[in-house]
Amino acid sequence: MSSLRIFLIGGLTSYRALFTWLTPWILIPSFILGPIFQILFFAYVGRTAGVGSDSFFLIGNAVLYASIPCLFAMSNTIGGERQHGTLPLLLASPAHRIPLFLGRALPVIINGFGVSAVALVVGALLLQVPLPLASLAPLALVVAVATFSCTGLGLVTAALALRVRETAVLANVVFGILMIFAGVNVPLDALPSWMGSVAAWLPLTHGIAAAREVAAGASLVSIRTDLLVEAGLGALYIGIGLAMLAWFEREARRRATLETI
Amino acid sequence: MSTLRLVLVTWWLQLKIRSRSAFDGLLGLLWPLFFATTIFLMYRASGAEGSALLSAAVGASVMGIWSATSTSASFTLQQERRQGTLELLVAAPTPFPLLIFPVTLSMATVGAYSMIATLLWGRFVFGIEIAVANPLAFVLSTLVTVVGIGMLGFLLAISTVRYRSAWAIGAALEIPVWLICGFLIPLQVLPVWVRPIAWLLAPTWGMSAIRAAAEGRGVLADLLACIALAIAYGFIGMLVSRHMLNSARRRATLALS
């Protein structure tokens, strides 16, 4: 019962307290204007370069932007605690680490899903990309799975935040890597083979591919492999993230470096 | 003379500070490279070559100058506020705008590093032939563009002095400027109503001059337009700063806003 409380109430409290982007002054530019302008930018670059379609760039960039809350909010779970001087108190508490950190991921998944959904709808209206009504529910499922998967990667960046002071830089770098590798703006088969191999192990790659197929009219059954791989990668990254958190926490205690890095 | 000294010393000091900052230094170089890499890969996938690739490389490289300026400029006064130095800057006998201009100019200078890095990246990683028809005009156009973008950053920093979350506004303005200033997308492709907005932005003319220099065309008209807009931003910035600071002093909200 205590773990459930930490998971739900602790997670929500942490999200509201640490993710300082919830003011409209940050929320609207970062979560609404940012993705819409990036969709328009790449759609127009694609038109100029004669590559891809508006739909391709719309879906790729809308799903990619789910990663903004996933990466930044998760990094803030450590960076924000350190900034406020509460990281030692948090790590000295007897709370179980799994509900403690997974609880912090839940609001982030919902946030990421919302960002993608708004970007998809507004982007589709601006670029006049038709999204069939029948595709909306499967598309929502795919975006939810992709957001879950990316939050797993966010947990890894949160763990790295125990070692890296510049969490904003870290999250931006991971975002940039996802943008290049995950088939957001360049089809996977147009990437060099080594990049394609890396992409296969990144969150969002399979989610974006599945979202494009669903938007083109494919059924959920036909994209189940991509969906399962995406969910599996999410679980894998969550596992890695929790393991890294435990390891870095032990190291930080041993070396007394929790607040000195 | 003392004004020139102030600008130069502040610019150099800020440039040294920024080059040691992970956000302004490292990310200032990496962030535009992420976008440039994506764009190079897109053009390669389309089978583009020759002048189209050169044009994309030049456009992508100038994007970095604005990238290094937009978020950092809008965040810079908040940073001063956090450090407790904003009141000192405002209270100093030197006009406030004169203290801020070299700061934003240093950001645009970091952007110029990123421009060079992007061109080298395009040349050595993607094999893009960087053949500049008029190198002297290219360098001159780049310098004027750096100043023009620095002045636009100055106007942005001054205009957002009272907003605590100004960095988000600066970050949100990064891509719109890429989109409408002709870095990669010709203005003719954009809706007609966007063009007058683009004409009011110095980067549009700076980019046009850089591209013209690369292709061996005349740059004078574009450079004059870029310089005129930079001067206009300076005047507007001075008026805005007077209004903003008076208002903040009257309400005693400089440190709180």
Side-chain angles (χ1 to χ4, degrees), chain A residues 20-52 56-57 60-61 64 68 126 164-192 195, chain B residues 21-28 30-48 52-53 55-56 59-60 63 67 71 74-75 125-126 160 163-180 182-191 194:
Chain A
T20 49
W21 291 23
L22 302 180
T23 156
W25 282 102
I26 302 180
L27 192 141
I28 293 171
S30 305
F31 290 159
I32 298 177
L33 299 180
I36 291 168
F37 280 121
Q38 183 159 325
I39 288 166
L40 291 176
F41 176 72
F42 278 111
Y44 273 98
V45 172
R47 288 179 191 182
T48 308
V51 63
F56 181 86
F57 296 110
N61 289 286
L64 170 71
I68 290 287
L126 289 174
V164 178
R165 195 169 34 188
E166 297 280 355
T167 53
V169 175
L170 176 68
N172 273 306
V173 168
V174 176
F175 177 83
I177 290 169
L178 288 175
M179 185 175 70
I180 295 173
F181 283 80
V184 176
N185 295 301
V186 185
L188 288 175
D189 53 15
L191 292 174
M195 289 177 76
Chain B
S21 148
F23 190 86
D24 291 313
L26 179 65
L27 195 62
L30 284 180
W31 185 248
L33 277 183
F34 288 136
F35 280 87
T37 303
T38 305
I39 288 158
F40 294 157
L41 286 167
M42 285 171 70
Y43 271 81
R44 197 157 75 175
S46 75
L53 269 183
S55 179
M63 281 162 53
S67 270
T71 308
S74 50
F75 182 58
V125 178
F126 288 88
T160 55
Y163 300 109
R164 222 175 355 196
S165 310
W167 67 265
I169 298 170
L173 286 175
E174 184 180 18
I175 294 182
V177 169
W178 290 352
L179 180 64
I180 69 170
F183 290 166
L184 291 162
I185 302 152
L187 287 186
Q188 295 77 9
V189 175
L190 297 168
V194 172

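Residue numbers begin at 1 in each chain, while the letters A, B, ... track the order of the sequences.
- Between A:T48 atom OG1 and B:L190 atom CG the span is 8.0 Å, to the nearest 0.5 Å.
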| task | Let me see the working for B:M63 and A:F41 under side chain to side chain contact (heavy atoms under 4.5 Å, CB included), right down to the final yes or no. | result | CA-CA 12 Å; B:M63 281 162 53; A:F41 176 72; 3.9 Å; yes
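- Side-chain contact check for B:W31 versus A:F175: some heavy-atom pair is nearer than 4.5 Å.
- Both the backbone and the side chain of B:W178 come within contact range of chain A, judged by heavy atoms closer than 4.5 Å.
- For the set A:V45, A:T23, A:L40, the entry with the most heavy-atom pairs within less than 4.5 Å of chain B is A:V45.
- Taking the six-membered ring where tryptophan is involved, the planes of B:F35 and A:F42 are essentially parallel, since the angle between them stays under 30° and well short of 60°.
- At a 4.5 Å heavy-atom cutoff, the contact between A:L191 and chain B is made by side-chain atoms alone.
- Shortest non-hydrogen contact noted between A:I26 and B:A168 is CA-CB, 3.8 Å.
- Only the side chain of B:I39 comes within less than 4.5 Å of a heavy atom in chain A; its backbone stays farther off.
- Counting all heavy atoms, side chain and backbone alike, A:I177 lies closest to B:F34 at N-CE2, 4.2 Å.
- In terms of non-hydrogen atom pairs under 4.5 Å with chain B, the most contact-rich of A:L33, A:I28, A:L27, A:V173 is A:V173.
- Contact between B:M42 and A:V186 at its shortest, heavy atoms only, is CG-CG2, 3.9 Å.
- Considering CD1 of B:I185 and OH of A:Y44, their distance stands at 8.5 Å, rounded to 0.5 Å.
- At a 4.5 Å heavy-atom cutoff, the contact between A:E166 and chain B is made by side-chain atoms alone.
- Proximity to chain A is limited to the side chain of B:T37, based on heavy atoms less than 4.5 angstrom apart.
- To the nearest 0.5 angstrom, A:N185 atom CG is 6.0 Å from B:T38 atom OG1.
- Contacts with chain A were tallied for B:S165, B:A48, B:A166; B:S165 has the most, counting heavy-atom pairs under 4.5 Å.
- Neither the backbone nor the side chain of A:F181 comes within less than 4.5 Å of any heavy atom in chain B.
- Of all non-hydrogen atoms in B:A172 and A:F37, the two that sit nearest each other are O-CD1, 4.2 Å.
- At least one donor-acceptor pair under 3.5 Å links the side chain of B:S46 to the backbone N or O of A:A49.
- Heavy atoms of B:L184 lying under 4.5 Å from chain A belong to its backbone as well as its side chain.
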